[in-house]
Engineer: 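Pasting a structure here, questions to come.
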Amino acid sequence: PQWIAERAILAPHHGDVDEVDNLIVDCYPGEEYMLLSADFPTTSNEDAFSTPTELLNLLDPTGLPKHNKLALKAYMPVML
């Protein structure tokens, strides 16, 4: 695991990144914690957020993990 923490992994496609992420998570011992994203506005102002949630859930922007989940284990390095 320390070897992984000292390197960057580059991949041209999100599918490749997802495969590498899953392999790395499996390298670490312990329980996996699944962190889920929020898919609702945090403001009470109805006009502040007019984009449908379904559309936002379909987006897969470069540099960000998938919308719905982030798998982590204790002592796993995370690049922010």
Side-chain angles (χ1 to χ4, degrees):
Q2 182 61 33
W3 182 86
I4 293 172
E6 296 171 352
R7 281 149 177 81
I9 300 169
L10 303 177
H13 303 288
H14 279 296
D16 298 335
V17 173
D18 293 338
E19 286 181 40
V20 171
D21 285 347
N22 291 335
L23 289 171
I24 291 174
V25 170
D26 292 341
C27 288
Y28 284 84
E31 183 179 351
E32 184 176 303
Y33 296 96
M34 197 63 68
L35 304 173
L36 303 175
S37 64
D39 61 355
F40 55 87
T42 58
T43 179
S44 60
N45 183 354
E46 292 179 19
D47 295 330
F49 200 80
S50 59
T51 306
T53 302
E54 293 79 16
L55 173 64
L56 294 175
N57 291 347
L58 294 175
L59 299 177
D60 193 15
T62 302
L64 296 175
K66 283 190 170 184
H67 155 73
N68 57 351
K69 66 177 183 170
L70 176 62
L72 296 175
K73 289 186 179 181
Y75 306 108
M76 194 171 127
V78 177
M79 181 183 285
L80 300 176

Engineer: Is it the case that the side chain of Lys73 and the backbone of Pro29 share a donor-acceptor pair, with hydrogens and angles ignored and the cut-off at 3.5 Å?
Structural biologist: no
Engineer: Consider side-chain contact (heavy atoms from CB on, under 4.5 Å). Of Asp26, Ile24, Val25, which one does Tyr28 pass it with?
Structural biologist: Ile24
Engineer: Same cluster or not: Leu23 versus Met76, using hydrophobic residues (I, L, V, M, F, W, Y) connected whenever any side-chain heavy atoms lie under 4.5 Å apart?
Structural biologist: no
